[in-house]
Asks: 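Next up is a structure, given as structure tokens.
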Amino acid sequence: MQKIDNFNFAGLKAIVRVDFNVPLDENGKITDDTRIRGALPTLKKILADGGSLILMSHMGKPKGKVNPKMSLSQIKDAVSNALGVPVLFAPDCGNASEMAAALKPGEVLLLENLRFYPEEEGKPVGIDKEDPNYDVAKKEMKARQVEFAKKLASYADVYVNDAFGTAHRKHASTAVIADYFNTDNKMLGYLMEKEVTAVDNILSDIKRPFTAIMGGSKVSTKIGIIENLMDKVDNLILCGGMTYTFSKATGGNIGTSICENDKLDLALDIIKKAAEKGVNLVLATDCVAADSYSNDANTQIVPVNAIPDGWEGLDAGPESRKAFANAIKEAKTILWNGPAGVFEFDNFTAGSRAIADAIVEATANGAFSLIGGGDSVACVNKFGLADKVSYVSTGGGALLEAIEGKELPGIAAIKGK
Ligand code: AMP
């Protein structure tokens with residue numbers, strides 16, 4: 001596989017898939033530019049070599065239609081400021097041949113949101129999966145996706161993928177495009193390389209004990225990774241909203257707490273499997289229950305299996321926080337995905353805070369800690385602790401799929417598999 005560090009971009013046009021899907025406020029102002037900053041090492045290297053840059057990204061979910069609220073033109077100036085050079089803008093990413101051809105060394109062209117074209121994701125639009133014509137529509141769209149990818153490829157001499165957050169998707173710009181560059185002219189960017197190394201650290205060189213913390217709202221979206229982790233970890237902390245599915249499954253009263261009633265058997269199965277595999281499963285025993293889903297709700301600390309009617313668990317209680325912290329502090333490898341409570345409300349951050357603090361302490365004592373997934377990253381950022389853990393991944397789904405051991409299409413495409 002070609003390495004970016006070994007490549008000289010002088011005189012070449014590089015098309016770089018970046019993840020500029022940054023959050024914007026209602027006035028289109030960037031509220032967190034982490035993703036732009038994350039791409040800078042790759043972009044600066046290409047410019048410093050004397051190459052030119054064609055930047056492509058998605059923003060939001062415009063579902064194949066032009067939507068000015070998701071236009072990348074809104075971030076053009078921020079990209080320009082971050083790079084310290086002017087940035088040109090191509091308002092139609094599928095029709096930018098002339099602008100791309102005119103680029104000179106050191107110049108930068110930002111393409112409009114890739115997802116304004118349904119071809120980017122390659123999913124047929126306006127047709128239901130149950131429709132008898134769905135398969136034909138899908139085939140047609142896949143053919144259009146190839147043409148779209150070829151078009152993007154035609155703009156440049158070299159392809160660089162630095163968008164880890166979308167590496168688990170087989171989209172035109174993240175995977176299909178790579179087929180139109182030879183092996184020497186396609187590579188991962190620095191950010192991607194760092195992400196891959198962080199995952200390798202977790203998978204190949206596990207220092208024990210290994211503690212994984214899975215939180216968030218639902219067990220259903222995390223089941224793949226939970227089952228996979230069961231073969232790897234010593235301690236598995238399951239927290240956040242999924243706590244109440246477990247509590248109900250084991251006969252608890254959970255009031256109005258979030259619960260997936262169709263996943264009760266799954267919860268029991270996880271408890272059984274953990275016991276069979278000798279994994280120390282750490283579930284919350286108490287919670288901060290609220291009388292409404294709001295920051296200003298009245299609260300009380302109650303056992304997770306005795307939540308009064310009309311009350312819902314919105315955060316881990318003090319006894320649970322202590323149990324979580326103990327399982328984290330003894331660890332030498334730590335993976336965290338998903339908050340322990342509704343951390344968006346300041347009054348329900350204590351569980352996530354206890355986890356973050358314990359991870360910081362364990363990291364200071366030599367543990368390798370990897371944090372991924374939008375919400376847990378938002379948590380460590382909110383607590384100002386991002387630089388006190390080993391690695392904060394830019395990927396959510398991509399990170400979890402990589403840790404599940406799946407080969408990510410974005411990486412496989414570069415390897416030429
Ligand atoms: P996920 O996208 O599945 O990782 O879930 C993240 C979301 O889970 C966050 O927005 C949290 O507010 C939410 N969450 C965490 N704990 C709870 C809870 N006890 N009740 C409701 N939502 C929760």
Side-chain angles (χ1 to χ4, degrees), residues 21 23 32 61 165 168 212-227 229 236-249 252-263 266-267 270 282-308 310-321 324 335-356 370-383 392-401 403-404:
N21 182 27
D32 181 353
K61 293 182 176 166
H168 58 317
I213 309 117
M214 291 286 130
S217 54
K218 292 175 176 172
V219 63
S220 54
T221 53
K222 306 266 161 96
I223 185 63
I225 181 88
I226 290 173
E227 286 188 331
L229 284 171
L236 179 59
I237 299 173
L238 297 181
C239 55
M242 66 179 113
T243 304
Y244 310 97
T245 302
F246 282 86
S247 176
K248 184 159 179 186
N253 291 323
I254 59 163
T256 51
S257 306
I258 187 171
C259 178
E260 288 176 285
N261 284 314
D262 58 338
K263 295 290 177 289
L266 184 69
I270 291 173
V282 186
L283 288 163
T285 48
D286 60 350
C287 68
V288 183
D291 62 357
S292 70
Y293 185 80
S294 87
N295 189 44
D296 305 322
N298 295 308
T299 61
Q300 56 174 319
I301 307 292
V302 289
V304 290
N305 59 5
I307 302 175
W311 291 68
E312 60 182 313
L314 293 187
D315 197 7
E319 190 180 278
S320 311
R321 287 175 227 154
F324 296 168
L335 170 70
W336 182 22
N337 174 275
V342 183
F343 78 101
E344 296 91 336
F345 297 154
D346 285 344
N347 292 336
F348 299 95
T349 54
S352 304
R353 176 89 215 194
I355 289 171
L370 171 56
I371 298 178
D375 285 314
S376 9
V377 174
C379 268
V380 286
N381 284 337
K382 182 167 180 155
F383 306 146
V392 177
S393 173
T394 55
L399 176 75
L400 295 187
E401 286 196 19
I403 288 174
E404 274 178 55

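As the structure lists them, so they are numbered: ligands from 1, and atoms in each ligand from 1.
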Asks: State whether the number of non-hydrogen atoms from other residues, nucleotides or ligands found under 6.0 Å of Lys382 atom NZ is greater than 12.
Replies: yes
Asks: May I ask you to test the Ile307-Tyr244 pair for a side-chain heavy-atom distance under 4.5 Å?
Replies: yes
Asks: Taking Ala297's backbone N and O only, do any of them form a donor-acceptor pair with Asp291's side chain (distance below 3.5 Å, no angle check)?
Replies: no
Asks: With a 3.5 Å cut-off and no angle check, do the side chains of Asn305 and Lys248 form a donor-acceptor pair?
Replies: no
Asks: Run through all N or O atoms in ligand 1 and write down each protein N or O closer than 3.5 Å, as a pair with its distance.
Replies:
| unit_1 | atom_1 | unit_2 | atom_2 | d |
| --- | --- | --- | --- | --- |
| ligand 1 | 3 (O) | Ser217 | N | 3.1 |
| ligand 1 | 3 (O) | Ser217 | OG | 3.1 |
| ligand 1 | 4 (O) | Lys222 | NZ | 3.0 |
| ligand 1 | 5 (O) | Ser217 | N | 3.0 |
| ligand 1 | 5 (O) | Ser217 | OG | 3.4 |
| ligand 1 | 8 (O) | Ser217 | N | 3.2 |
| ligand 1 | 10 (O) | Glu344 | OE2 | 2.4 |
| ligand 1 | 12 (O) | Glu344 | OE1 | 2.7 |
| ligand 1 | 12 (O) | Glu344 | OE2 | 3.3 |
| ligand 1 | 16 (N) | Gly241 | N | 3.2 |
| ligand 1 | 19 (N) | Gly313 | O | 2.9 |

Asks: So does Ala289 get a backbone contact from the side chain of Thr299, meaning a donor-acceptor N/O pair under 3.5 Å?
Replies: no
Asks: For Glu260 and Ser220, does a side-chain donor sit closer than 3.5 Å to a side-chain acceptor?
Replies: yes
